[in-house]
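Worksheet for the structure shown next.
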Amino acid sequence: MAKSEVFEGDQSVAVAKVTTELKKELHRLVKAIIEDSSSEDENGFGCIDRANQTLQALKELKEGGGKQRSSSIKRLNDNNRNNNESSTSVWASCPQEFRCPLSKELMRDPVILSTGQTYDRPFIQKWLKAGNRICPRTQQVLSHTILTPNHLVRDMITQWCKNRGVQFPGPLQYPEQDGLTEADRDLFISLLKKMSSTQPEQKEAARTLRSLTKRMPSFRALFETPMVIPLLLDALRSGTIETRSNAAATLFTLSALDSNKSLIGKAGALKPLIDLLEEGHPLAMKDVASAIFNLCITHENKARAVRDGGVRALLNKIKNRVHVDELLAILAMLSSNQKAVEEMGDLGAVSCLLSLIKETNCARNKENCIAVLYTICYYDRTKWKEMREEESNYGTLSQIVQNGTSRAKRKASGILDRLNRAINLTHTA
C-alpha cells in the first residue's frame with residue numbers, strides 16, 4: 001500500500017473523530033445557551049461565541065482540505081482548553097457545603113448516609129466497599145448502608161451552576177451503584193426475624209421495612225426470596241395494629257411490580273387483608289385499601305378477593321360511608337368479575353350505590369357507582385325494576401347523563417337504553 005494511501009486513511013479516521021467531538025461540543029453549548037436564555041450573565045454570550053466557532057469548524061471539515069482540517073482541530077483543542085479553564089475557575093469558588101467531605105470536590109450525585117451526612121455517591125460507595133461501617137465525618141456506627149438521593153442539595157448545586165453560566169456536570173455512571181452490600185442483606189434478614197418477635201420489635205421492624213421498601217427500589221429486590229412474604233403475612237395476621245398496618249403498606253409497595261402481584265396473591269395475602277379491612281381500624285384502612293387495590297389489578301387476584309369475602313367487606317364499609325373513595329374504586333374494579341357482580345346484586349349494592357350517587361359531590365365516585373350499576377344491569381335483569389323506579393322518582397340516571405364525566409355519561413346512557421328497550425318490548429308484546 002502506498003504511503004499516501006495510509007496517510008489518507010489515518011486522516012479520515014482523525015477527521016471522523018474530530019467531527020464527532022465537534023458535534024458533541026455543539027450540542028452541549030446549544031443546551032447551555034437554551035438553559036441560560038433567561039440569564040443576562042456574560043458567560044451566556046461566551047457560550048454563543050464558542051457555538052459559532054464550533055459551527056465554523058464543522059463547516060471547514062465538511063468542505064475538506066488539509067489546512068482547513070488542521071485549523072478545525074486546533075479550534076476544537078482551543079475550545080476544550082478554554083472550557084476546562086473556565087470550569088476549573090468556577091468549581092474552585094463553589095460553596096463548601098456543595099463539596100463532598102471525602103473528595104473535597106463539587107458533588108455530582110449527592111446522597112445521604114444513615115447518619116444524615118451527605119456525600120458524593122462514588123466516593124462514599126468506595127468508602128463502604130472498603131469495609132468501613134462508620135460515618136467518615138461523625139465517626140458514628142452505621143445502622144445500614146442504604147444511600148438515599150439528596151434531591152435538595154442536588155437542586156441547589158444545579159441552580160448555583162446555572163446562575164454562573166456553567167453546565168452541571170451530572171453524575172458519573174458507575175456499575176452497580178445502587179447495589180446492596182452484605183450489611184444491607186444482614187439488616188434485611190434481622191428485620192424479618194423481628195417481625196415474628198415481641199410486639200415492640202415487630203412494630204419497629206415493620207416500620208423500618210416499610211420505609212426502606214418505599215424509598216429504595218433496590219431494597220425491594222430482596223423481597224423476592226420465598227421466605228419473605230409468609231413472614232409479612234404472619235405479621236399481617238397476628239401483629240399489633242400498627243405492625244399489621246405496616247405489613248399491609250409493605251405489601252402495597254412490593255405489589256408495584258407486576259410479577260409480585262401474582263406472587264403475593266398466590267401466597268394468600270388477600271384473605272388477611274380483607275379481614276383487616278372488615279375490622280375497620282382507622283390506622284390500617286388506607287394501607288389495606290391501597291394494597292387490595294394494587295393486587296386486584298390482575299384478573300386472578302380479583303377472583304381470589306371475591307372468594308375471600310371482599311365484596312361483602314367492601315359493601316359493608318361503603319354502606320357505613322367509611323373510606324368511600326378508596327373502597328368504591330376497588331368495588332368498581334371487581335365488577336369485571338361475574339361472580340362479584342352476582343354477589344353485589346344479592347347484597348343490595350343497587351340501592352346503596354343509587355343513594356350514594358344522590359348524596360355525593362365527587363364526580364369520580366359517581367362514575368364508579370355508575371360503572372358498577374351498568375355491569376349489574378347487564379348481568380342481572382331482576383335489578384331493572386329497582387333502577388326504573390329510581391329513575392322515575394328522582395331522575396338519577398338522567399342527571400348523570402347530563403352532568404357526569406364522559407365515562408359516567410356513557411354508562412348511564414347504556415343503562416337507560418337497556419331499561420327503555422325492555423319497556424318497549426313489554427308494550428309490543
Side-chain angles (χ1 to χ4, degrees), residues 25 27-47 50 80-181 183-184 187 207-208 210-219:
E25 175 66 5
H27 181 271
R28 186 190 71 77
L29 289 168
V30 171
K31 185 177 179 182
I33 292 167
I34 293 170
E35 290 178 349
D36 295 334
S37 59
S38 60
S39 172
E40 296 181 358
D41 194 303
E42 64 180 9
N43 284 308
F45 296 108
C47 287
R50 292 198 296 274
N80 289 339
R81 182 170 61 252
N82 291 336
N83 292 342
N84 291 336
E85 289 172 357
S86 173
S87 297
T88 300
S89 63
V90 173
W91 304 146
S93 64
C94 77
Q96 190 63 33
E97 58 267 26
F98 294 168
R99 298 175 182 273
C100 174
L102 291 172
S103 69
K104 309 302 181 187
E105 297 174 359
L106 184 78
M107 288 187 283
R108 296 182 171 205
D109 189 6
V111 292
I112 305 171
L113 206 54
S114 63
T115 57
Q117 300 295 315
T118 297
Y119 300 89
D120 203 2
R121 185 185 292 274
F123 296 98
I124 191 61
Q125 280 187 327
K126 185 176 179 181
W127 168 270
L128 295 172
K129 286 180 179 179
N132 297 300
R133 289 298 175 266
I134 60 172
C135 176
R137 175 174 277 180
T138 66
Q139 301 299 302
Q140 289 177 263
V141 176
L142 303 176
S143 59
H144 60 79
T145 57
I146 303 295
L147 302 176
T148 305
N150 192 329
H151 297 296
L152 176 61
V153 170
R154 179 181 170 81
D155 290 345
M156 290 171 65
I157 294 174
T158 303
Q159 187 60 48
W160 182 86
C161 291
K162 186 175 181 179
N163 291 342
R164 281 151 185 79
V166 295
Q167 187 177 13
F168 178 59
L172 296 173
Q173 297 300 316
Y174 293 90
E176 299 181 357
Q177 65 177 23
D178 289 325
L180 298 173
T181 65
D184 299 325
L187 168 66
R207 187 185 297 113
T208 304
R210 176 181 184 175
S211 174
L212 290 172
T213 52
K214 184 176 182 180
R215 206 173 69 233
M216 298 294 298
S218 54
F219 201 85

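Basis for what follows: all heavy atoms, side chains included, without hydrogens, waters or symmetry-related copies.
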* Distance in Å, Q139 CD paired with T115 OG1, rounded so as to fall on 0.5 Å steps -> 10.5 Å

* **Trace of the side chain to side chain contact (heavy atoms under 4.5 Å, CB included) decision for I134 with W127** => CA-CA 9 Å; I134 60 172; W127 168 270; 4.0 Å; yes

* Asked: Is any side-chain heavy atom of I124 less than 4.5 Å from a side-chain heavy atom of L102?
  -> yes

* Report yes if the side chains of I112 and L147 come closer than 4.5 Å at any heavy-atom pair, otherwise no. => no

* Check step by step if side chain to side chain contact (heavy atoms under 4.5 Å, CB included) holds for M107 and V153. => CA-CA 9 Å; M107 288 187 283; V153 170; 4.1 Å; yes

* Asked: Nearest 0.5 Å, what's the NZ-CG distance between K126 and N132?
  -> 11.5 Å

* Would you tell me whether Q159 and N163 have side-chain atoms, one donor and one acceptor, within less than 3.5 Å of each other? => yes

* Answer yes or no: is there a donor N or O on one side and an acceptor on the other, between the side chain of D109 and the main chain of D120, under 3.5 Å? => no

* State whether a side-chain donor-acceptor pair under 3.5 Å links T118 with N150. => yes

* What closest approach, in Å, do P149 and R121 show between heavy atoms, and which atom pair accounts for it? -> CG-NH2, 4.1 Å

* Structure fact -> d(L113 CG, H144 NE2) to nearest 0.5 Å is 8.0 Å

* Asked: Would you say C100 and R108 make side-chain contact, with heavy atoms under 4.5 Å?
  -> no

* Asked: Take atom CD in E97; do more than 12 heavy atoms of anything else shown fall under 6.0 Å from it?
  -> yes

* Just do the side chain to side chain contact (heavy atoms under 4.5 Å, CB included) check on L142 and C135 with the steps written out, would you? => CA-CA 7 Å; L142 303 176; C135 176; 4.1 Å; yes

